[in-house]
There are 2 protein chains.
Amino acid sequence: MVGKQMDGRHAKTELFDAFGSVAKALSSGRRAEIVDILAQGERPVEEISREISQTVANTSQHLQLLLRAGLVSTRRDGTRIYYSLSGPSVYRLWAAIRSVAQDHVAQLDDLAASYLGDRSALQSVTRSELRQRLQSGDVTVIDVRPQQEYASGHIPGAISLPVKELDKRLDQLPNDRTVVAYCRGPYCVYALDAVRTLSRHGIEAVRLEDGYPEWKEAGLPVEADKQLEPGEPRPTAAPRES
Amino acid sequence: MVGKQMDGRHAKTELFDAFGSVAKALSSGRRAEIVDILAQGERPVEEISREISQTVANTSQHLQLLLRAGLVSTRRDGTRIYYSLSGPSVYRLWAAIRSVAQDHVAQLDDLAASYLGDRSALQSVTRSELRQRLQSGDVTVIDVRPQQEYASGHIPGAISLPVKELDKRLDQLPNDRTVVAYCRGPYCVYALDAVRTLSRHGIEAVRLEDGYPEWKEAGLPVEADKQLEPGEPRPTAAPRES
DNA sequence: TGACTATTCAATTATCTACTTGAATATGGC
DNA sequence: GCCATATTCAAGTAGATAATTGAATAGTCA
């Protein structure tokens with residue numbers, strides 16, 4: 001043989017340790033949050049650190065661990081370093097982890113409820129339902145993530161209406177059509193908050209059952225604004241003057 | 001609200017820590033090996049400990065960690081406790097980890113080569129190829145895993161011929177038909193060893209590109225010997241007397 | 001060039017992990 | 001009830017991990 005049965009156990013240990021190191025990269029809740037954010041598109045360190053409520057130094061260390069493990073890659077743009085997922089298999093791994101947690105972690109529903117609030121009163125639509133209703137044109141779809149995430153990829157036909165601006169821009173929404181809100185995924189509060197806000201203002205609103213990354217992963221059509229600067233004119237909701 | 005924005009960060013931390021704990025369960029190479037074995041079917045502690053070359057006490061602790069994390073469940077049968085994967089999402093998670101490692105861990109090919117040996121000379125067939133050739137009946141398919149694993153599920157039409165017995169039972173194989181060997185999955189040595197052994201003896205042999213769990217996961221037909229006792233008459237290769 | 005900003009590095013701390021060893025439980029056969 | 005076997009528990013150790021703090025790089029822009 002090729003020197004393999006020489007020490008099969010040692011080689012097997014090293015091989016499976018390599019698989020273990022991939023899992024270890026996601027074994028920290030903070031790194032799981034990072035991957036969830038990067039699933040929306042690339043981000044510089046400082047923004048990630050704000051999202052996960054950690055110091056920049058600590059976030060940088062988490063990111064470098066993810067980088068060494070191969071799950072993310074970097075791109076320098078001037079003084080900023082943008083991190084992104086290395087490929088679609090990384091997102092699929094993240095989705096697989098959520099799925100196991102959903103299926104087999106007893107407390108998960110409680111934890112989700114205490115972060116997301118009570119979802120029982122809020123209606124949701126599936127991806128295929130939304131797709132049909134988009135084609136027949138009888139809904140307004142809003143992307144309630146930060147505009148930057150909308151810019152790096154969104155559902156065609158959706159308008160960008162970040163949940164933080166929702167209160168100020170309610171008048172831009174029709175009140176004779178159902179509004180469908182979507183955000184980062186099944187454990188993101190934005191769409192839920194948006195639906196709650198809209199309902200409170202008498203606008204019929206539902207949410208997409210999961211988020212943009214799941215839509216994209218399912219192979220459904222997506223659209224991106226190529227080069228959008230930070231504080232740029234961006235797609236808005238229904239034009240005021242109409 | 002429902003007491004959620006009271007401490008959204010704390011709730012988010014706990015939720016994502018729960019996802020992290022799922023990944024952490026697979027962050028040890030030894031536990032990854034355990035999951036790979038349990039993907040073949042349930043197993044008692046002592047056998048698992050032998051497979052992963054660890055003491056029974058240490059293996060037991062790994063298993064209990066997997067149990068607490070929700071990835072495995074147990075069944076008592078007399079004095080033995082059989083561990084098994086809690087559900088299909090756990091296998092999918094394991095497959096997702098391998099896939100990320102394959103795509104993004106630089107040294108993986110080297111590690112795999114040093115455990116599995118040089119695969120370049122050995123032919124493999126895909127699942128769909130194998131399925132077609134099974135239907136046209138022009139191949140002999142052998143399951144080279146330990147017979148117990150064959151018993152708890154195998155490809156219909158395959159015969160059990162554990163790689164450890166292959167040398168003694170070569171005469172049970174036809175030498176006028178191609179033999180297809182399969183085993184536990186893409187990082188299992190058994191099918192590779194079997195193909196090498198058969199080729200050395202002048203029998204045309206190829207391997208299935210991956211293993212039984214992948215076949216089953218793909219939704220292809222499977223077959224199981226329901227209640228098979230440990231040292232029982234088992235399905236054998238071609239009958240001697242024919 | 002020099003001030004400014006984004007990111008990384010280095011050193012430290014408290015906590016956790018994998019594995020070992022030896023003893024404790026629990027079940028089934030006699 | 002008692003022995004044998006399978007599994008778990010408990011205590012200990014060496015090494016790893018997440019987060020903190022403060023300093024060091026490496027680009028940008030005036």
Side-chain angles (χ1 to χ4, degrees), chain A residues 9-10 12-14 16-35 38 42-69 72-84 229-230, chain B residues 9-10 12-14 16-35 38 42-69 72-84 148 229-231:
Chain A
R9 171 35 60 178
H10 180 245
K12 185 174 187 182
T13 299
E14 292 209 317
F16 280 78
D17 282 352
F19 295 131
S21 74
V22 169
K24 182 175 286 174
L26 280 166
S27 71
S28 142
R30 252 30 64 221
R31 288 194 295 270
E33 287 187 56
I34 290 174
V35 168
L38 295 184
E42 60 174 18
R43 287 298 197 81
V45 179
E46 194 272 336
E47 284 187 31
I48 298 169
S49 82
R50 212 162 341 100
E51 288 276 1
I52 69 173
S53 307
Q54 298 291 311
T55 62
V56 170
N58 191 23
T59 303
S60 173
Q61 289 176 159
H62 278 306
L63 286 166
Q64 277 168 83
L65 191 154
L66 287 168
L67 188 63
R68 284 192 301 273
V72 303
S73 6
T74 58
R75 168 178 85 82
R76 174 156 231 147
D77 181 25
T79 170
R80 286 199 170 90
I81 291 177
Y82 285 83
Y83 281 82
S84 53
E229 294 299 311
Chain B
R9 169 38 57 178
H10 181 242
K12 184 173 188 184
T13 299
E14 291 209 318
F16 280 78
D17 282 352
F19 295 131
S21 75
V22 169
K24 183 176 284 174
L26 280 165
S27 71
S28 139
R30 253 29 64 221
R31 289 194 293 272
E33 288 188 54
I34 290 173
V35 169
L38 295 182
E42 60 173 18
R43 285 298 197 84
V45 181
E46 194 272 336
E47 283 187 32
I48 298 168
S49 80
R50 214 163 338 103
E51 289 275 2
I52 69 173
S53 309
Q54 297 291 312
T55 62
V56 170
N58 191 23
T59 303
S60 174
Q61 289 177 156
H62 279 306
L63 285 166
Q64 277 168 84
L65 191 153
L66 286 168
L67 188 64
R68 284 194 300 273
V72 303
S73 4
T74 58
R75 167 179 85 81
R76 172 156 234 150
D77 180 25
T79 168
R80 286 198 169 88
I81 292 177
Y82 285 84
Y83 281 82
S84 53
Q148 186 196 26
E229 295 299 313

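Here is how names work: the chains are called A, B, and so on, in the same order as the sequence lines, proteins then strands, and each is numbered from 1. Everything numeric in this text was worked out from a predicted model, so none of it was measured.
Note on the helix from dT1(C)-dA30(D) to dC30(C)-dG1(D): angle between the axes of the first and last five pairs equals 30°, rounded to 10 degrees.
Shown here are the side-chain contact (heavy atoms from CB on, under 4.5 Å) partners of Q64(A), two or more places apart in sequence or in another chain: S60(A), R68(A), Y83(A). Take E14(A) and apply the side chain to side chain donor-acceptor pair (under 3.5 Å) test, not counting sequence neighbours, and it matches no residue. Under the side chain to side chain donor-acceptor pair (under 3.5 Å) criterion, S53(A) pairs with R9(B), sequence neighbours left out.
In terms of position along DNA chain D, the nucleotide closest to H62(A) lies nearer the 5' end than the nucleotide closest to the other residue of the pair H62(A) and G78(A).
D17(A) has its CG atom 14 Å from the C1' atom of dG15(D), to the nearest Å. Note: CZ (R9(A)) to C1' (dC19(C)) measures 14 Å, nearest angstrom. Residue L65(A) contributes atom CG, which lies 11 Å from atom P of dA19(D) at whole-angstrom precision. Taking atom CG of residue L26(A) and atom C1' of nucleotide dT17(D), one finds them 16 Å apart after rounding to whole Å.
Within the 3.5 Å criterion, the main-chain N or O of Y82(A) finds no donor-acceptor partner in the side chain of R75(A).
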Distances under 3.5 Å only, N/O to N/O: pair up the protein atoms with those of nucleotides 1-11 of chain D.
{"residue": "dA6(D)", "atom": "O4'", "partner": "T79(B)", "partner atom": "OG1", "Å": "2.8"}
{"residue": "dT7(D)", "atom": "OP1", "partner": "V45(B)", "partner atom": "N", "Å": "3.1"}
{"residue": "dT7(D)", "atom": "OP1", "partner": "I81(B)", "partner atom": "N", "Å": "3.2"}
{"residue": "dT7(D)", "atom": "OP1", "partner": "I81(B)", "partner atom": "O", "Å": "3.4"}
{"residue": "dT7(D)", "atom": "OP2", "partner": "E46(B)", "partner atom": "N", "Å": "2.8"}
{"residue": "dT8(D)", "atom": "OP1", "partner": "Y83(B)", "partner atom": "OH", "Å": "2.7"}
{"residue": "dT8(D)", "atom": "OP2", "partner": "S60(B)", "partner atom": "OG", "Å": "2.7"}
{"residue": "dC9(D)", "atom": "OP2", "partner": "Q64(B)", "partner atom": "OE1", "Å": "2.2"}

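Legend: salt bridge (charged side-chain N to carboxylate O under 4.0 Å, His left out) pairs involving residues 21-30 of chain B, not counting sequence neighbours, sorted by first then second residue: D17(A)-R30(B), R30(B)-E33(B).
Contact annotation: K24(A) side-chain N/O to dA16(D) OP1/OP2 distance is not under 4.0 Å.
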